[in-house]
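To find a chain, count down the sequence lines: A is the first, B the second, and so on, and within it residues start at 1. If you're wondering where the values come from, they're calculated on a predicted model, not measured in any experiment.
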Amino acid sequence: MRVVVDFDLCESNAVCMGIVPEVFEVRDDDFLYVLQEEPAEELRPKIEEAVRRCPKQAISIEG
Amino acid sequence: MEAVAVVGASLAGLHAARALRIEGFAGRIVVVDADRHDPYDRPPLSKQFLAGTWDRDRLTLAPVREELDLDWRLGRRATALDAGRRSVTLDDGEVLAVDGVVVATGTAARRLPGTDGIAGVHVVRTLDDAVALRADLDAGARRVVVVGAGFIGAEVAATCRGLGVDVTMVEALATPFERVLGPAVGSVLADVHRDHGVDLRAGVGVAGIDGAGRVEQVRLSDGAVVEADVVVVGIGVVPATDWLEGSGLTVDDGIVVDETLLAAPGVVAAGDIARWPSARYGEALRVEHWDMAIAMGEAAARRLLVPSHGSPAVFDHLPWFWSDQYDRKIQLAGRAGADHAVEVVVGSVEERRFVALYGRDGRVDGVLGMNRPRHVMQLRALADERVAWDEGLARARALG
Ligand SMILES: Cc1cc2nc3c(=O)[nH]c(=O)nc-3n(C[C@H](O)[C@H](O)[C@H](O)COP(=O)(O)OP(=O)(O)OC[C@H]3O[C@@H](n4cnc5c(N)ncnc54)[C@H](O)[C@@H]3O)c2cc1C
Ligand code: SF4
């Protein structure tokens, strides 16, 4: 599983960070950082939730 | 459960339909919406779509593009529900006899009385509304009057300023945004608008709108007259419950559901229309936020699938919303209001980049951020758990 963020769409509102802080982090510079691009499979349900809850539909999962 | 009708195929309804499939429901799902357009996302209607930076395609809601095997009824209005028999009647006479119903008809924009039929007077709730407003702006409208300094009105004001249009914002309360953010933070946001050139008239109402067929001026209660090519009315919404008269459901400024989102056996409600008893706040809430509509839609779908002898989950999702105005991003986790204590805990209002805690009854009720998304997320637990006010202040300050 690969987590892909479309940074042209992302507006750094940190919703994903609220759901999966292990993978998504918005830092003080107001940019989103993907901490793990290929996270462990057990995080899939949470990442799928982040995909659904991202107000900009900026997150996708490959594989 | 063999067939489910989802009435209102917008954010809450479509996420309910999708959740039914995710939970393994293989039966028939009929989705009904009075709007004839492919279901779309509303927040961009006052922001990117109105500004012209996003086109129509970008608005389409994600579940529309997924293979959810839905039986669509777009452009069709539900006119009646019989909760006992679980049947939904549509405006063309079709009767949907189903086992489960998701009521997600949301809200409709409140209009200014006496303005029907005056061209140039707009609300922004539907795609057609936004297209019509956008058309007036494209046709060269130079002076916009926004009635009501709520979030949608404020976003429209910000977008219009971005387009170089003159904006006058009229708000009945002495401090704009006071109802939702309290006077202290409300005045910060009011200053943001003033600094961007909005002519803010607070503490006055609208006495009338004049024009021969098309709006020409707005008369205010203090006697002032403001010239206008376009008026945008943002004075709140009303729950779309008209079709539920005689349904057997309890309607009280929305549909009253229990703590599991059940309105009646086999009938759930979700989104802007649903009023549920929040254990966190000890009162019934009806929340008009994007994130809440998704959370409720998903939870309502799961509720519908719980067998009558099962034990359904209690719903109490923490409210969270955002609003974009100019380069400021306002976010609120929990709730805030005029009667809350307010304390800035991170940053400062001068730099317009801060976090404020809202407290009531000695507890943290809300975490509000202006351009502080990271901190809002880190501190939302304070509102989620409603920690003691002093403890909340200490924990928040330690972070800042
Ligand atoms: C311009 C605008 C900007 C917004 N910006 C933000 C924001 O920045 N942040 C945020 O958190 N929230 C925002 N919101 C709020 C958010 O969009 C709503 O909370 C959300 O749309 C609620 O979803 P819903 O599905 O409950 O209801 P709605 O979106 O209102 O959908 C209800 C649907 O039911 C249909 N319907 C109504 N009656 C019937 C009937 N009798 N038969 C069939 N269909 C019917 C309607 O056509 C509609 O499609 C904004 C809203 C608007 C309008
Ligand atoms: S939820 Fe979406 S928009 Fe928000 S920070 Fe994450 S990827 Fe960006």
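For A:Leu9, the part lying under 4.5 angstrom from a heavy atom of chain B is the side chain only. Interface residue B:Ile22: only side-chain heavy atoms are found under 4.5 Å from chain A.
Nearest heavy-atom pair, A:Asp30 versus B:Asn371, reported as atom, atom and distance to 0.1 Å: OD2-O, 4.0 Å. When all heavy atoms of B:Arg353 and A:Asp28 are compared, the closest pair comes out as NH2-O, 3.1 Å. Minimum heavy-atom separation, A:Asn13 to B:Trp320: O-CZ2, 4.3 Å.
Every residue two or more places apart in sequence or in another chain that forms a ring-ring contact (aromatic ring centres under 6.0 Å, His included) with B:His193 is listed here: B:Phe177, B:Tyr326.
Within a 6.0 Å radius of CZ in A:Phe7, more than 12 heavy atoms belonging to other residues, nucleotides or ligands are found.
To the nearest 0.5 Å, atom CD of residue A:Glu11 and atom CD of residue B:Gln48 are 7.5 Å apart. Here the NZ atom belonging to B:Lys329 is positioned 7.5 Å from the OG atom belonging to A:Ser12, to the nearest 0.5 angstrom.
Contacts of residues 36-57 of chain A with chain B at a heavy-atom distance below 4.5 Å involve A:Arg52, A:Arg53, A:Cys54, A:Pro55, A:Lys56, A:Gln57, listed in sequence order.
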